[in-house]
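Below is one structure, written out as structure tokens; comments come after it.
Atoms within each ligand, like the ligands themselves, are counted from 1 in listed order. Everything quoted here is computed from the prediction, not taken from an experiment. In what follows, every heavy atom counts, from backbone to side chain, and hydrogens, waters and symmetry copies are set aside.
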Amino acid sequence: MKSIEEKLTAGFCILPGFLPRAGQEAMVGALRRVLEAAPLVRPITPWGKPMSVRMSSAGRLGWVIDKGRYRYADRHPETGQPWPPVPDEVLAVWQAISGWPGDPDCCLINWYGEGARMGLHRDADEGQAAFAAPVVSISLGDPARFRMGGAERKGPTESIVLNSGDVVVMGGEARLAYHGIDRVMFGQDPLLAKGGRINLTLRVVKSA
Ligand code: MD6
Ligand code: FE
């Protein structure tokens with residue numbers, strides 16, 4: 001049987017268990033400090049519905065939904081403060097995997113509670129010049145069913161489970177592929193004190 005990488009798009013890669021448990025715990029500690037300065041918010045979609053996922057960011061830019069528009073902003077929408085720096089533990093993963101000479105501009109932090117999901121989407125707000133860089137994503141906490149597609153929204157998809165410590169890379173042809181989270185298996189992994197799942201996506205941004 002062909003692997004999901006062969007069937008779908010070149011440049012999509014999963015590194016299962018890339019982060020050992022101690023590294024996951026250290027990362028959660030660093031993220032807790034980031035979220036004290038830049039609290040999670042529940043963005044309202046352009047269709048007026050609150051997302052089920054709660055979001056914040058670290059780095060030069062954060063991804064926000066502002067008056068119904070997706071954009072990168074240099075300040076937190078509620079505190080008005082610049083985003084905290086990306087923790088060193090997170091930068092180390094980017095530096096080990098991305099093959100990109102610089103650091104990411106944005107570390108989007110998504111927190112999934114019980115019942116949260118993320119519809120099929122592309123990460124496409126970073127500007128044409130940024131698409132040469134991969135997106136690197138880190139999963140922490142409860143497992144989730146990740147859906148991976150290709151260049152077309154209506155094209156074939158396949159799903160896989162992402163566990164705590166898994167790292168996903170979407171580069172090359174997969175950089176603009178459709179993907180989403182079908183569901184989170186809430187309460188299965190004790191990494192996060194309140195349960196749930198954190199996903200970090202590290203991106204280079206050239207548009208803002
Ligand atoms: C998630 N991940 O795992 C959502 N985007 O919760 C993403 O949206 C994502 O894993 C771009 C590249 C890798 C990803
Ligand atoms: Fe994404």
| query | By atom name, which N, O or S atom belonging to Asp123 lies closest to the Fe ion (ligand 2)? | reply | OD1
Of all the heavy-atom pairs spanning [X] and [Y], show the shortest one and how long it is.
X	Y	result
Met170	Phe12	CG-CD1, 3.7 Å
Asp189	Pro143	CB-CD, 4.3 Å
Pro87	Val34	CG-CG2, 3.8 Å

| What does the angle at the Fe ion (ligand 2) come to, between atom NE2 of His121 and atom NE2 of His179, rounded to 10°? |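 Approximately 90° at the metal, rounded to tens of degrees.
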| task | Give the C-alpha distance, both sets of side-chain angles, the deciding distance and a yes or no for salt bridge (charged side-chain N to carboxylate O under 4.0 Å, His left out) between Arg69 and Asp125. | result | CA-CA 11 Å; Arg69 301 274 293 270; Asp125 299 321; over 6 Å; no
| query | Exactly which residues line ligand 1, taking a heavy atom under 4.0 Å from it as the test? | reply | Tyr112, His121, Asp123, Val135, Ser137, Phe146, Met170, His179, Ile181, Arg197, Asn199, Thr201
| task | Using the rule that two of Ile, Leu, Val, Met, Phe, Trp, Tyr join whenever any of their side-chain heavy atoms come within less than 4.5 Å, decide whether Val41 and Leu35 are in one cluster. | result |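 In one cluster with Val41: Leu35, no.
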| Distance (rounded to the nearest 0.5 Å) between Ile65 CD1 and Arg71 CZ |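 Rounded to the nearest 0.5 Å, the CD1-CZ separation comes out at 12.0 Å.
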| Within-4.5 Å side-chain heavy-atom neighbours: Ile198 and Met27 | no
